[in-house]
Amino acid sequence: MKHEFLTHATREEAVVFAAGMAAGVLETAIEDSGRASLLVSGGSTPVPLFDRLANTRLAWDRVTVGLVDERWVSPVDAGSNERLVRHHLLTGKAGAAGFVPMKTDAPTASEAVADRAMAYKPHCDPIDLILLGMGNDGHTASWFPGSKGLKQAMHAEAGVIVAAVDATGCPVAGSMPYRLTLTGPAIVDSDAAILLMFGADKRDVFEAALKSDPAEKPIRFAVDGLGPRLTVIWAP
Ligand code: 6PG
C-alpha cells in the first residue's frame, strides 16, 4: 500500500484542503485520547497552511506543537523554525496550543540531542500528525543528501527520536548547516503525515525520488516507511 498523491489546481485550494485534513486528524486524536501532537516542518511552503490553521476552530489547548527539524540558530533569527511557528501558527485560536522547542542553550546541536529526545518523547509516541516539506535536493526534515549524520538520523534505532546533522556543503542547507531533526523511526511511525509541495520542480524531484536510493533522495525513506499513512498534497 502506498501514499496518496492529491493534485489541486491552485496553492490556495491545496492549503484549504491540507488545513481541513490536519484539523480532522487532530480532532479525532483528541476525541480518542484527550490530546494530540502536531509536528511541523519549517521552510516557506507551510506558511499559508500555518496561517489558516491558526484560525481554525479546534481544542488547541489539547494540542502540543513540535518541530520536525530546527536550524541551530537563535530563536529570534530569521532562519529559525521556532520563530516561524511562533509567528504564523501559535497565534489566533492556535495560540492556546503547547509548544516544545528544539533549539536550546546548548552550544551545539549534538549536545542538545539527549535533552531534546526527553522533551519530544511524550509527543512522539507515536506522533498524531506530522507535516513534512521537501527541498529540491530531495531532503525532508533535516535529512540532507551527503550530510554528516544522515545515516544515523534516518536509520536510528527504534526509540531514538532526535538526531544532530551537519549539512556543511549541502547547497540547500546554505548558511544554516547545523540541525537537529526527528529520526527515521520517529517520522515513519507517525499515525498520519501530510507532505505539502508546490511547483513542477518539486513534483519532478518527488517522482525521481520514488526511483532513487534514500541516501540520495531522503524523502524516499519517509515515503516508503509511511506508506498509506502519507498524503501528498501538491499544486503547481
Ligand atoms: C527546514 C525544513 C525542511 C523544509 C524543506 C522545504 O527547516 O529546512 O523543515 O525540511 O521542509 O527544506 O522547504 P521550502 O518549503 O522552503 O521549500
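None of the values given here were measured: they were computed from a predicted structure. Just follow the structure's listing: the first ligand is 1, and inside any ligand the first atom is 1.
Here the closest heavy-atom approach between residue A18 and residue L196 is recorded as CB-CD1, 4.5 Å.
Taking only nitrogen or oxygen atoms, main chain and side chain alike, A141 reaches within less than 3.5 Å of ligand 1.
Within the 6.0 Å centre-distance limit, the rings of F206 and H3 are counted as a close aromatic pair. With ring centers used as reference points, F50 lies 6.0 Å or more from H87.
Neither the backbone nor the side chain of S142 comes within 4.0 Å of ligand 1, counting heavy atoms alone. Under 4.0 Å from ligand 1, the heavy atoms of N81 that appear belong solely to its side chain. When non-hydrogen atoms are compared, ligand 1 lies under 4.0 Å from neither the backbone nor the side chain of E70. Contacts with ligand 1 closer than 4.0 Å are made by side-chain heavy atoms of R179 only, the backbone lying farther away.
A heavy-atom separation below 4.0 Å is found between K202 and ligand 1.
The single protein non-hydrogen atom nearest to atom 11 (O) of ligand 1 is G133 CA, 3.4 Å, given as residue, atom name and distance. Shortest contact from atom 12 (O) of ligand 1 to any protein heavy atom: H139 NE2, 2.8 Å.
Across F17, F198, W234, a single residue satisfies ring-ring contact (aromatic ring centres under 6.0 Å, His included) together with H8, and that is F17.
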